[in-house]
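Working notes, structure below.
Indexing begins at 1, ligand by ligand and atom by atom, following the structure's order. Along the sequence shown, the residues carry numbers beginning at 1. These numbers were taken from a predicted model, which means no experiment stands behind them.
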Amino acid sequence: MILSEGEVVRWGRRIGREVGTPVFLGIRGQLGAGKSVLARAVARGAGVDGAIPSPTFNLLFRYAGRDDLEVVHLDLYRLRDPEELWEIGWEELGHGSEIVMVEWPERAGARLPEDRWDIHLSVLEPGSHRRVIQVHRVGSPPHLPGFPVTLERSS
Ligand SMILES: Nc1ncnc2c1ncn2[C@@H]1O[C@H](COP(=O)(O)OP(=O)(O)O)[C@@H](O)[C@H]1O
Ligand SMILES: [Mg+2]
């Protein structure tokens with residue numbers, strides 16, 4: 001599907017409000033594609049208030065959402081080796097009431113969870129404010145609200 005920025009934000013907020021947990025969202029795309037815009041919208045929809053900075057230098061930020069929901073936002077752009085994931089507690093992620101969102105999930109290599117959504121954003125054409133969004137389901141993650149067309153991808 002092709003979405004404006006406002007539509008990306010609306011979709012993300014709906015995901016944050018409605019998605020079941022635990023859920024893992026890998027958010028792919030080049031720099032500036034809109035990965036953080038989507039991740040912030042999901043966090044807002046999940047009830048996170050206050051600033052949601054980009055986790056580029058910290059790799060991981062954790063937020064309290066509504067009820068006992070927790071939102072974990074990672075950006076693995078600066079990860080040099082999947083071994084480093086051990087230091088940020090990667091193995092403990094994705095349990096309980098957590099929405100885990102990972103920018104640059106490909107940096108995690110084979111350590112990505114078996115059940116997840118892979119969301120890929122790309123700029124429709126140079127200078128455009130529209131984004132092409134492709135969604136692949138891997139394994140059996142919880143239902144992803146508001147996305148009409150999902151493709152299967154083997155892990
Ligand atoms: N349809 C769109 N969806 C998301 N972001 C958009 C869209 N159109 C324009 N933008 C702009 O693109 C930029 C995306 O930045 P960001 O989310 O930080 O990218 P990334 O995290 O992928 O590097 C923002 O400045 C945002 O305002
Ligand atoms: Mg980003």
Short side-chain to backbone donor-acceptor contact, R116 and P113, under 3.5 Å
yes

Indicate whether the side chain of H73 and that of E103 have a donor and an acceptor atom separated by less than 3.5 Å.
yes

Between S97 and E70, does any side-chain donor sit less than 3.5 Å from a side-chain acceptor?
no

Any idea which atoms of ligand 1 are less than 4.0 Å away from a heavy-atom of [X]?
X    : result
G34  : 4 (C), 5 (N), 14 (C), 16 (P), 17 (O), 19 (O), 20 (P), 22 (O)
H129 : 1 (N), 2 (C), 7 (C), 8 (N), 9 (C)
Q30  : 22 (O)
L31  : 23 (O)
E103 : 21 (O)

Under 2.8 Å: N/O/S of Y77 next to the Mg ion (ligand 2):
no

Looking only at N, O or S atoms, which one in E103 sits nearest to the Mg ion (ligand 2)?
OE1

Mind checking whether [X] and [Y] have side chains closer than 4.5 Å, heavy atoms only?
X    : Y    : result
L25  : L144 : yes
I15  : M101 : no
W117 : V23  : yes

Below 3.5 Å, N or O to N or O, backbone or side chain included: is there any such pair between S36 and ligand 1?
yes

Could you tell me if any non-hydrogen atom of E7 lies under 4.0 Å from any atom of ligand 1?
no

For ligand 1, is there an atom lying under 4.0 Å from some heavy atom of G32?
yes

Indicate whether atom 1 (N) of ligand 1 is within a distance of less than 4.0 angstrom of some protein heavy atom.
yes

Look at the rings of W104 and Y77 and say which category their plane angle falls in: under 30° parallel, 30 to 60° tilted, over 60° perpendicular.
tilted

Between A39 and ligand 1, find which residue part has any heavy-atom pair under 4.0 Å and reply side chain, backbone, both or neither.
neither

Does a side-chain N-to-carboxylate-O contact under 4.0 Å join E83 and R111?
yes

Taking 4.0 angstrom as the limit, do R62 and E98 come out as a salt bridge?
yes

For atom 22 (O) of ligand 1, which candidate among R40, K35, R131 provides the closest heavy atom?
K35

Winner among L38, I2, L3, V37 once heavy atoms are compared against atom 5 (N) of ligand 1:
V37

